Amino acid sequence: MSLEADLERARELSVGELADAIEAIGFECTRCGACCKAVEGDDGTEEHTATVFPDEVRRLQDAGEEAYDWRDVARPMPYGVAEGENGPEGETFEWALQTDACGDCTFYEEADDGTGACSVHGDRPLICRTYPFSVVLDDETAAAQPMGEAVDREGSVRAHECEGLGREIAREDAEELAAALKKRAVRELEEAIAVRDNYGPTDADGVVVHDSEGQKRPDGSRLDGR
Ligand code: SF4
């Protein structure tokens, strides 16, 4: 199945059917912050890693009282980047939300009682708006989706590990989530197609991010200077 065929299918998704599936699975955010924090695993702490699109980075740059630098918001997705003689080097194909010293999302704030909050809630990226759900367009490629293993599935909607699953959700909220889920599925494929079409080999030093707008340095500036 080509990316173009997947995009066609994503555009044809029924928001009503996605909302039915979300209602059947059930979800209410408990504000535990698990989806915004580093993961403690057997091999130590794994940094929070969530994809953010270039236009979303720009929106987040303007989300605070003062404009954020690109690097305050995003970092090159670490896959494909390795430590070289003169620092990190390699080519990668996505941006990830920036993390703090603990490996949590840079926008995550935790109150003394342990409840979490997103400091850019109104501008948070699609991946955050739609957690813990993803869409299955094609069963054969479902396993390769960025959110990994699913713990539940209803029709085209997969649910990933989250303590808020199984809780009753109002129809209005399910529809809002479903609309964001469709938007994300379309946006992910549009991004993937543009990354593929814009790709060109580079001999630039350090880290290069190939995104839908071209080749960029870690500070978001374009290699071609445009
Ligand atoms: S942007 Fe907000 S919702 Fe998304 S991971 Fe960061 S703190 Fe969580």
Side-chain angles (χ1 to χ4, degrees), residues 1-15 18 47-63 68-82 84 87-99 123-131 133-148 156-158 160 178-226:
M1 173 84 43
S2 69
L3 290 173
E4 280 76 6
D6 274 350
L7 178 58
E8 248 348 272
R9 285 169 88 157
R11 285 185 174 141
E12 282 164 10
L13 285 167
S14 154
V15 171
L18 294 176
E47 269 188 310
H48 176 264
T49 304
T51 303
V52 60
F53 301 125
D55 54 304
E56 292 181 319
V57 176
R58 283 191 288 273
R59 202 177 64 232
L60 286 165
Q61 282 185 275
D62 294 329
Y68 292 115
D69 188 76
W70 181 280
R71 277 174 295 201
D72 295 335
V73 174
R75 63 193 172 105
M77 187 58 89
Y79 315 124
V81 176
E89 57 185 29
E91 294 179 63
T92 186
F93 300 88
E94 280 180 317
W95 297 95
L97 281 167
Q98 188 55 278
T99 48
D123 293 294
R124 69 199 191 286
L126 284 165
I127 190 99
C128 308
R129 286 177 193 276
T130 50
Y131 197 87
F133 298 105
S134 65
V135 164
V136 182
L137 294 166
D138 174 0
D139 277 305
E140 280 178 27
T141 55
Q145 289 192 354
M147 288 169 76
S156 304
V157 175
R158 302 199 312 169
H160 302 264
L181 202 51
K182 175 174 177 175
K183 191 171 171 190
R184 184 182 126 209
V186 169
R187 187 69 186 76
E188 277 174 355
L189 285 156
E190 287 174 343
E191 181 77 15
I193 289 168
V195 169
R196 181 200 64 197
D197 293 348
N198 283 336
Y199 180 77
T202 171
D203 52 10
D205 293 337
V207 175
V208 174
V209 182
H210 300 265
D211 71 17
S212 54
E213 298 168 354
Q215 302 174 351
K216 295 181 185 160
R217 297 188 181 85
D219 66 359
S221 64
R222 291 179 58 141
L223 278 186
D224 61 10
R226 279 200 278 160

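Small disclaimer: the values here were computed from a predicted structure and weren't measured.
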Got a sec, which residues hit ring-ring contact (aromatic ring centres under 6.0 Å, His included) with [X], two or more places apart in sequence or on another chain?
X	answer
Tyr79	none
Phe53	none
His48	none

Side-chain contact, heavy-atom cut-off 4.5 Å: [X] with [Y]?
X	Y	value
Arg11	Glu190	yes
Gln98	Tyr68	no
Val195	Glu94	no
Pro54	Lys216	yes
Leu137	Leu7	no
Ile193	Glu4	yes
Pro125	Arg184	no

Please enumerate all residues that pass salt bridge (Lys or Arg N to Asp or Glu O under 4.0 Å) together with Asp72, with sequence neighbours excluded.
none
Taking salt bridge (Lys or Arg N to Asp or Glu O under 4.0 Å) as the definition, give me every residue that meets it alongside Asp55, ordered by chain and number, with sequence neighbours left out.
Arg187
Supply the atom-to-atom distance [X] [atom1] to [Y] [atom2], rounded to the nearest 0.5 angstrom.
X	Y	atom1	atom2	result
Asp205	Glu89	CG	CD	8.5 Å
Arg58	Asp62	CZ	CG	10.0 Å
Asp224	Gln215	CG	CD	7.5 Å
Glu188	Thr51	CD	OG1	7.0 Å
Lys182	Leu13	NZ	CG	6.0 Å
Leu189	Glu8	CG	CD	10.5 Å

Locate the shortest heavy-atom distance separating [X] from [Y]; write the atom from each residue and the value.
X	Y	result
Leu223	Ala204	CD1-CB, 4.0 Å
Ser2	Ala5	OG-N, 3.0 Å
Ser221	Asp219	OG-OD1, 2.7 Å
Ala50	Ile127	CB-CG2, 4.0 Å
Leu126	Ala180	CD2-O, 3.9 Å
His210	Gly200	CE1-O, 3.3 Å

Any sub-3.5 Å donor-acceptor pair from [X]'s side-chain atoms to [Y]'s backbone N or O?
X	Y	value
Arg217	Val207	no
Arg222	Glu213	yes
Thr92	Met77	yes
Asn198	Ser212	yes
Thr49	Glu47	yes

Which label fits Trp70 and Trp95: parallel for a plane angle under 30°, tilted from 30 to 60°, or perpendicular past 60°?
perpendicular
Show your working on side-chain contact (heavy atoms from CB on, under 4.5 Å) between Arg59 and Val73 and close with a plain yes or no.
CA-CA 10 Å; Arg59 202 177 64 232; Val73 174; over 6 Å; no
How would you list, by chain and number, every residue that makes a side chain to side chain contact (heavy atoms under 4.5 Å, CB included) with Asp203, sequence neighbours excluded?
none
Between Glu56 and Arg129, is there a salt bridge with N-O shorter than 4.0 Å?
no
So with a 6.0 Å cut-off around CG of Asp69, is the heavy-atom count from everything else above 12?
yes
